[in-house]
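Reviewing the structure listed below.
Residue numbers start at 1 and run along the sequence shown.
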Amino acid sequence: MGKAEVGTPKWIGNKMKSKGLQKLRWYCQMCQKQCRDENGFKCHTSSESHQRQLLLFADNSRKYLDEFSHEFEKDFLNLLRRQFGTKRVHANVVYQEYIRDRNHTHMNATRWTSLTGLCKHLSRHGKVVADETEKGWFITYIDRDPETIARAEALAKKQKMDKDDQERVYDFIEKQVQKGKKEGDEEEAVFTEFKRENPEEKIQIQLGSKIKKEEVQLVPSSSFADKKDVKPGKSSDTDDSTFKMPYSKDIKKEKTTEKRKLSALDEIMREQEASKEKSGRKDYWLTENIVVKVVTKSLGDKYYKKKGFIKQVIDKYGAMVTMIDTGHTLKLDQSHLETVIPAEGRTVMVVNGAYRGYRAVLKSLDAKNFCVTITIDSGPVKGRIVEGVQYEDICKIHTE
């Protein structure tokens, strides 16, 4: 029976039947042919063209399997990137969107037998972040496009510049406020308590025209009576009971000057530390030759919570990690790893913050606040003690 002519009712009926998705078991990936029913698929498998394709596949099955797998993975990731971006989405939702295309590469022609195997493969190679829940597998695309990274860095730089401008304005306003306070601040007298050794003894205050503002002379009455040659407004150098009170303005000036010096020094040190923190704080922390712990469950219980050391850093956010127990080398993203805190007295590497890249010695741990105290052991600031360093900013150094 020949094919129906174009435009006839039979031809239109066949086109309507073939429209849309058909059953996966009646699709031949080698011939890229979709059959409508079991009889049509049986006739196709016994055809001469299909047999020739099977012979080609038998000669080099590995080649065709890798080609189909690569094509399927590429199209799947392109759909995930374009339609969902970096949002967390159910893997089956992405797959259903993918198979809407009639000409898509079928999964039964790839090396993966299920969607779970595909998710584990993509997570293992650092292309997505996959996590298994009660509702199934969820994936999040990791965007490594240089243009996207450049745009993110430019945006972060712009935000930093805007923030720096705001900080400069705030500093200028703060200085003006402090200057206004200093100019308008009226100095007040500081009163001190006067105590006498003999409470019954009377005190006479000499008030003369020649008394200086810097001192007030107090003379007991018994002493004044015995020495009649002492004239008002004058004091005797040999009188032991006569003492001088410093003027209150001098006391306040000395205290204010000392306080200003200390606050200025503290402000300079605080600004230096803040500048170091801004320049050293990054969103990536991977460093070679440090000990890390695997925190992703997607690799199975064999590697979960196991330790390894970073052998090589790849594109700042990825690393080749050699497991300490098994010796296996894995390519992991930094989101799948966490730092390891050694015992007190051991050497650590500062991986983020103001002292990024310096070696240090762990002095003490504060488990309540999740921070540590370290002593810098290298560089120009060697010997400096830094407190309040977060756990994720330091890491144990690998020693063979």
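Side-chain atoms of Glu71 do not come within 3.5 Å of backbone N or O of Asp66 as any donor-acceptor pair. A donor-acceptor pair under 3.5 Å is absent between the side-chain atoms of Thr296 and the main chain of Val294, judged by distance alone. Using a distance-only test at 3.5 Å, with no hydrogens or angles considered, no donor-acceptor pair links the side chain of Ser123 to the main chain of Lys120. Of the possible polar contacts, one joining the Ser69 side chain to the Leu65 backbone as a donor-acceptor pair under 3.5 Å is found.
To the nearest 0.5 Å, the span separating CD on Glu344 from OG on Ser364 amounts to 6.0 Å. If you take OG on Ser49 and CD on Gln51, they are separated by 9.0 Å, rounding to the nearest 0.5 Å. Taken to the nearest 0.5 Å, the CZ atom of Arg62 stands 6.5 Å off from the CZ atom of Arg111. Between the CH2 atom of Trp137 and the OG atom of Ser114 there is a distance of 10.0 Å, given to the nearest 0.5 Å. Asn92 CG to Tyr98 OH: the interatomic distance, rounded to the nearest 0.5 Å, is 14.5 Å. The distance from atom OH of Tyr141 to atom CG of Leu79, rounded to the nearest 0.5 Å, is 11.5 Å.
Residues Leu332 and Tyr303 are members of one and the same hydrophobic cluster, defined by side-chain heavy-atom contacts under 4.5 angstrom among Ile, Leu, Val, Met, Phe, Trp and Tyr. At a threshold of 4.5 Å between side-chain heavy atoms, the hydrophobic network of Ile, Leu, Val, Met, Phe, Trp and Tyr places Leu337 and Ile142 in two separate groups. Under a hydrophobic clustering in which Ile, Leu, Val, Met, Phe, Trp and Tyr are joined whenever their side-chain heavy atoms come within less than 4.5 Å, directly or via other members, Leu362 and Ile397 fall into different clusters. Cluster membership check: Ile324 does not share its hydrophobic cluster with Val321, using side-chain heavy-atom separations under 4.5 Å among Ile, Leu, Val, Met, Phe, Trp and Tyr. Leu330 and Met320 fall into different hydrophobic clusters, where Ile, Leu, Val, Met, Phe, Trp and Tyr are joined by side-chain heavy atoms under 4.5 Å apart, directly or via other members.
Shortest non-hydrogen contact noted between His44 and Ser47 is O-OG, 2.5 Å. Here the shortest heavy-atom pairing between Phe72 and Met107 reads CZ-CE, 3.5 Å. Closest non-hydrogen pair, Val348 versus Pro342, comes out as CG1-CG, 3.3 Å. The two residues Ile290 and Thr287 come nearest to each other via the heavy atoms CG1-O, 3.0 Å. The heavy-atom pair separating Ile139 from Ala130 by the smallest distance is CG2-CB, 4.1 Å. Taking both residues in full, the closest heavy atoms of Val340 and Lys293 are given as CG2-N, 3.9 Å, listed atom of the first, atom of the second, then distance.
Looking at heavy atoms from C-beta onward, Glu392 lies out of side-chain contact with Trp285 at the 4.5 angstrom threshold. Residues Leu122 and Glu73 have side chains in contact (heavy-atom distance under 4.5 Å, counting atoms from C-beta outward). Side-chain contact between Leu77 and Val128 is present, with heavy atoms from C-beta onward closer than 4.5 Å. Using a 4.5 Å heavy-atom cutoff, the side chains of Lys179 and Lys175 are not in contact. Counting heavy atoms from C-beta outward, Leu118 and Tyr95 have side chains that stay 4.5 Å or more apart. Contact of the Tyr391 side chain with the Glu338 side chain is not registered, since no non-hydrogen atoms from C-beta on lie closer than 4.5 Å.
Among pairs with a residue in residues 78-91, those fulfilling salt bridge (Lys or Arg N to Asp or Glu O under 4.0 Å) read Arg88-Asp131, at least two apart in sequence or across chains. Applying the salt bridge (Lys or Arg N to Asp or Glu O under 4.0 Å) test to every pair with at least one member in residues 300-322, sequence neighbours left out, gives no pairs at all.
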*Go through Arg346 and Lys396 one step at a time and tell me if the side chain to side chain contact (heavy atoms under 4.5 Å, CB included) criterion holds.*
CA-CA 8 Å; Arg346 301 293 295 274; Lys396 180 181 179 181; 4.2 Å; yes
Output a table of donor-acceptor pairs, distance under 3.5 Å, between side-chain atoms of residues 368-380 and any protein atom two or more places apart or on a different chain; print 'none' if there are none.
residue	atom	partner	partner atom	Å
Asn369	ND2	Asp366	OD2	2.8
Ser378	OG	Arg359	N	3.0

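Legend: residues meeting side-chain contact (heavy atoms from CB on, under 4.5 Å) with Lys282, ordered by chain and number and at least two apart, are Tyr284, Asn352, Arg356. Evaluation of the salt bridge (charged side-chain N to carboxylate O under 4.0 Å, His left out) rule for Glu48 yields Arg52 as partners, not counting sequence neighbours. Residues forming a salt bridge (charged side-chain N to carboxylate O under 4.0 Å, His left out) with Glu97 (at least two apart in sequence, or on another chain): Arg100.
A side-chain donor-acceptor contact under 3.5 Å links Tyr317 and Asp283.
Surrounding CD of Glu387 are at most 12 heavy atoms belonging to other residues, nucleotides or ligands under 6.0 Å away. For NE2 of His90, the number of neighbouring non-hydrogen atoms (other residues, nucleotides, ligands) closer than 6.0 Å is greater than 12.
Between His398 and Phe309, the ring planes are parallel. Angles under 30° get that label, and only those over 60° would be called perpendicular. Aromatic ring pairs are classed by plane angle as parallel below 30°, tilted from 30° to 60° and perpendicular above 60°; the pair Tyr358 and Tyr355 is perpendicular.
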